[in-house]
Structure formats: C-alpha cells, structure tokens
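Please read the structure below before turning to the comments.
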Amino acid sequence: MLRYVARRLLTAIPVLWIIVTITFFMMRLAPGGPFSRERVMPAEVQKMIEERYHLDEPLVKQYFRYMGNLLRGDLGPSFRYKDRSVNEIIAAGLPTTLQLGSLALLFALLVGIPAGCLAAFRQNSAVDYAAMSFSMVGVSVPNFVVLSTLIYFFAVKLKILTVSGWGRWDQMICPVVALGLMYSAYIARLSRAGMLEVIRQDFIRTARAKGLPERLVIMGAAILTGSLIIETISGVPGIGREFVNSALNRDYTLTIGTVILYSGFLIIFNLAVDIVYAFLDPRIVYE
Amino acid sequence: MTNDNEKTRAAADVQPVKGTSLWKDAWRRLLKNRMAVAGGALLILIACAAILAPTLTPYAFDEIHLSDGNHPPSREYPLGADHLGRDLLTRILYGGRVSLAVGIVATFVSIIIGVSYGAAAGYLGGRADNIMMRFVDILYGLPFMFLVILMMVIFHNAPAEKKLYLLFIGLGAVQWLTMSRITRGQTLSIKTKEYILAARTSGAGVFRIISRHVIPNLLGPVIVYATLTVPAVMLEEAFLSFLGLGVQAPMASWGSLASDGRQSLDTYPWQMIFPGLALAITLFSLNFLGDGLRDALDPQMKDQK
C-alpha cells in the first residue's frame, strides 16, 4: 500500500512537469506582456525592468531558470504586485480559498445527505418529489446566478448580508451557499440512490458504492473551479480570483503558481479516491 | 391468449420468444416518465423559439433605442431593455442560438473523440488498452478547465467567431475523457457477454454481431452521457462568458447577457435575472431528459420498477 502511494506520487511529478511546461509556453505565446498596459516608459527603464525579471533572456533560458527555482520551491516574483513573491501571494490567499471550499462542502453535506435520505425513506411520496425537484433545480442553476440572486435579495434589498471581503459571517454566507448549493443537490441525489439500494438490499450496491467516492472527488475538484468564479464576483480575496486576474494581466509567474497549486489538489484528490477504493473493495490489490 | 402463452412457454426451450426491441422498450419507458417528457417538450419549445427568433420579435438583435435605455419590462419590451435600449427578449432568443450551439457542437466533438478512442481501447484490449487508458488517467490529472481559461485569455482579442470555434474545441476536449472511459468499459463488457457468444455460435458474422449487438448496447450509455454532457458544456460556456472570456460582442450567449446584466444588478435586476432564468430552465429540462433517458436505457434498472 505504501509503495503504491509512493509510486503514484512519483508519477505525479511528470504530470506536474507537463502542466508547468504547457502553461509556461502558453502564457509566453500570448500577445502582450506584464508591463505593456502601463504608460509608455523610457527605453532605459523598460530595459532595467526586463533585466530585473530576466525577460531579456532567450525564452528557453528563462524556462530553465524558472524550473530551477521551482525545484527549490521558489515560484518567483510577481510581475504585477511589486515587491511580492508568488509564494507570499499564495500563502495569503490559500487559507481563504480552502475555507470557502470546505465550508461549501460542509454546507452541501449537511443539506444534501438528510434531504436524500428523507426522500429515499418516503420514496415516491410528495416529500420525495419535492426534494428531487428541488435538487434538480439546484443542479441546473449556475452558481453565479445563485450568487447574484442572493446578493440582490440579501445584500441590496434586505441589507442583512454584505459582500466583498472575507472573515465575518455576514460576508461568508452568500459565497458559501452559492458555491455549495449545486453540490448539496448532487449529494442529495447520490444519497437517495445509495439509500434506496441499501433498503432494497441490492446486489448492484457494491458497484454503485464504487462509483460514489469517485463522484465525491470530482465534486471536490469542481468546487475548486467553482471558487474561481465565486471569488471573482463576490470579491473574496482567495487564489481563485488571482488566477483569472493574473492570466489577464500576463502575470506569468502567478498564473503558473496557481495552476501548479490546483493541479496538486487534483492529483491528491485522485490519489485519495484510489485509496478509498482499496478500503471499500477488498478485491482491489495494489502492488 | 393464455393458451397461446402457455404454448409459447412450453416451446421456449426450442423457439426464441419474439421480444420487443431495446429501443421500443426504452421509448415506452421514457414516455411513462412525465418529467422527462416535459423536459423534452420544453427543450423543443426553446430550440424552436431560438431558431424562429427573427419571426417572433419585431426587433433586430442589435437594434438600439437609446431613449428606452434600461426600460423595465412592459408591453413594448416584454422582458425589459438593456442600457442601450435593446430588447432583452430578442437578445435572449438570439443568445439561445449561441448557447445551444456551443452545447451541442462541443458535445459532438467530445463524442467523436471519446467514442473512437474508448472503442478502440476496449476492442484492442490487452497492452494497447492498458497504455491508452493509462494516458487517459494522466490526462485526468490535468486541470483542463484552467487550460481552457488560459486559451481564452490568450486569444482574448481574437474575432468573436474564431473564439466560438475555440469554445467548441476546448469545451469538447474537456469532456471527452469520461466519454472514452464509458465507451471502453462498455465495449469490454459487451465483448464477453453471453449473447455475443450465443450469436456467434448460432452463426452470426462479425458485421452482424457489431451492428446488432455491440453498437446498440454501446449507444445507450453514450446517448445518456451525451444528454448530460450538453448541460455541463453549456454551464462551462456560461461560466467563461460570465468571466468575460467566452462569447463576446457582437455575439451574445445567455452567459454573456447575464454578465452584462450583473453590472446593474442593484438597479435593473431583470437584465441579469432573465438570461440566467433562460439558462437555468434549459439546463433543468436537459437534466430531466438525461435522467429519464438513463432510466429508460440502463439495462440494470430494467427489472427494478
């Protein structure tokens, strides 16, 4: 088992390398640069800045320089936020994104599991239909529509909640609910199906159980992507927001840094699924 | 009738019972599912409205009435007007064309890539299958959505039509992995089914086995998954357009219309709510139809209800 985990972590290295390389060259091939939006600078100043960030070097040399720094855990300086390194920016934004993601997941579980179980115990009753219709609505309404609606009613009209910022409960409710709602609907449907199979003592149960953790992990990854848009709209200062902004601003190092972080999460999620499989299904043997 | 039945049962060992075809059976079960039928009907209605948009509204898509800027919903403008006085209903109908086109074309791209890849892996089996599926496993680790976002950022200043093609390909590429896994698994299990063996022993040729047994059984899950892929793709398109990275002026989609409306959410909420509602209703119908299709076509569910 330990050997299996170690091997999987080793295979993650080439995957990360591919991602970094693709992102690096994609960003560099994009027209415009990190400083092209600013006022026209004197040629000397421009040259000084380019020298400072090694932008005057050939691209391949820059690539190897970046990879060398990356191996030492240094994600480089940000091109846009002066005097801040990408490591600092990520360290500042990551806790917020993780909080947002885990609160959304918690909300989804707390709402989804009871709703799904209730629907299963009262199968084909009004309760069941109501719960399932509601969950279908939840699956179908885009999270940015949910967020905008919540903001409109609770922040603009009723003035109970506020948006933008992070930390106080009245700032956190709108983004968390908007991000978690779709997944609570999803979990409700999954737990209803799972519960029904347990009630029926179905032989398909194990087959379905095998699919369940995989879906949960896909959901974990999807929540991270979802946090991109939620953070961007509601002004939550996490790393999801930094990704979109940095790509638009051609802040090369910050973009690659956030992509690495996200890919790392994805790899860990995938590994977690396979380990959970091993516990659920004794027939799977890892060598 | 009972007599006939008994006769048939007695003869069952010798003569095969004439059964209904898989598709007829599925169709009947689908019609029994009221929500799926309602979803399908609503979808047809929405698609027709989008296609017939020019005959349904008196306005052109980009017709500007500056004096009616931000006009609330009224008789002239059933769903209100935007800041340039463009009729929102007209824009939603035309935007629906783009949203639906992205959903359908990108799903088609994912089917072409995923089914051919998965079927090849499943059919070849052994070593080739192993290598091909390991490759898919690696691709699963790539954050595709991030790469699509990056691609759209890089081509931010490209003409709107070119960006639409990028969306087709990019979003199709995001979805093909699961499609290939489903197809491969299905092909593998169909290959070893008793009815294939039975067909083979009763003298059916390869072509007959593939056309009568493999493809119909492969098609079910593919259709079901495709129906559920369309809303996922449409959601991703809306997501990108909402961030300002997808469909761009002069074109519009439900996502980009909602994005335009968000700027004036506090004062003119209808500009955001109606495009969002159009998207939500469509996704809602697609999900119900997809679920109904799955229940109708999933052979495991066949004996349960």
Side-chain angles (χ1 to χ4, degrees), chain A residues 11-12 14-16 18-19 22-23 26-27 29-32 129 132-133 136-137 139-149 151-153 155-157 182 189 196 200 202 204 207-208 218 221-222 224-226 228-229 232-233 243-244 247-248 250 255 258-259 262-263 265-267 269-270, chain B residues 35 39 134 137-147 149-158 178 228 231-232 234-245 254-255 258-259 261-262 265-267 269 272-273 275-277 279-288 291 300-301 304-305:
Chain A
T11 53
V15 172
L16 275 176
I18 292 171
I19 294 163
I22 292 176
T23 317
M26 264 177 101
M27 285 302 288
L29 290 175
Y129 287 130
M132 285 305 105
S133 304
M136 200 55 113
V137 172
V139 171
S140 305
V141 183
N143 50 20
F144 54 85
V145 173
V146 176
L147 181 61
S148 305
T149 316
I151 291 176
Y152 180 68
F153 281 110
V156 178
K157 285 278 150 187
M182 182 178 277
R189 288 156 60 90
L196 280 180
R200 287 192 197 137
D202 229 329
I204 310 172
R208 288 290 157 97
I218 291 171
L224 272 177
T225 329
L228 278 186
I229 197 161
T232 309
I233 302 174
F243 171 71
V244 179
L248 282 172
R250 304 283 187 270
T255 309
T258 43
V259 169
Y262 184 83
S263 312
F265 275 125
L266 211 62
I267 287 167
F269 277 139
N270 278 326
Chain B
M35 294 311 273
R134 188 51 51 85
D137 287 347
I138 290 174
L139 289 183
Y140 255 104
L142 294 179
F144 265 101
M145 207 52 208
F146 277 61
L147 294 182
I149 291 176
L150 276 185
M151 193 174 80
M152 299 313 286
V153 166
I154 288 167
F155 293 101
H156 197 53
N157 297 319
T178 313
L228 295 169
M234 289 179 69
L235 204 59
E236 280 162 2
E237 181 273 319
F239 173 93
L240 287 171
S241 298
F242 199 78
L243 285 174
L245 299 173
W254 289 332
S259 173
R262 196 181 72 86
L265 182 69
D266 350 351
T267 34
M272 154 101 214
I273 288 170
L277 210 60
L279 182 60
I281 291 173
T282 309
L283 296 178
F284 191 63
S285 317
L286 273 165
N287 281 327
F288 263 119
D291 266 21
Q300 258 88 40
M301 300 289 281
Q304 284 183 12
K305 274 186 182 171

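If you measure heavy-atom distances from S148(A) to chain B, the contacts under 4.5 Å come from both the backbone and the side chain. In this structure, chain B has heavy atoms under 4.5 Å from both the backbone and the side chain of V141(A). When heavy atoms are compared at a cutoff of 4.5 Å, V145(A) approaches chain B by way of both its backbone and its side chain. In this structure, no portion of M234(B) lies under 4.5 Å from any heavy atom of chain A. Contacts between F265(A) and chain B at a heavy-atom distance below 4.5 Å are absent for every atom of the residue. Interface remark: T149(A) contributes no atoms to any contact with chain B (heavy atom separation under 4.5 Å). For F155(B), no part lies under 4.5 angstrom from a heavy atom of chain A. I233(A) touches chain B through backbone and side chain together, each having a heavy atom under 4.5 Å away. In this structure, the portions of L150(B) lying under 4.5 Å from any heavy atom of chain A include both its backbone and its side chain.
Listed by chain and residue number, V148(B), K163(B), L166(B), L167(B), L240(B), L245(B) satisfy the side-chain contact (heavy atoms from CB on, under 4.5 Å) test with M152(B) (two or more places apart in sequence, or in another chain). Remark: R189(A) pairs with D291(B) by the salt bridge (Lys or Arg N to Asp or Glu O under 4.0 Å) rule, at least two apart or across chains.
Inter-residue side-chain proximity for I19(A) and Y262(A) is flagged as unmet; no heavy-atom pair is nearer than 4.5 Å. Looking at heavy atoms from C-beta onward, F146(B) lies out of side-chain contact with T23(A) at the 4.5 angstrom threshold. Looking at M182(A) and L235(B), their side chains come closer than 4.5 Å, going by heavy atoms from C-beta outward. At least one side-chain heavy atom of V153(B) sits under 4.5 Å from a side-chain heavy atom of R250(A).
Under the 30°/60° scheme for interplanar angles, the aromatic rings of F242(B) and F144(A) are found to lie parallel.
Counting heavy-atom pairs closer than 4.5 Å to chain A, the top-ranked of the candidates A238(B), G255(B), G276(B) is A238(B).
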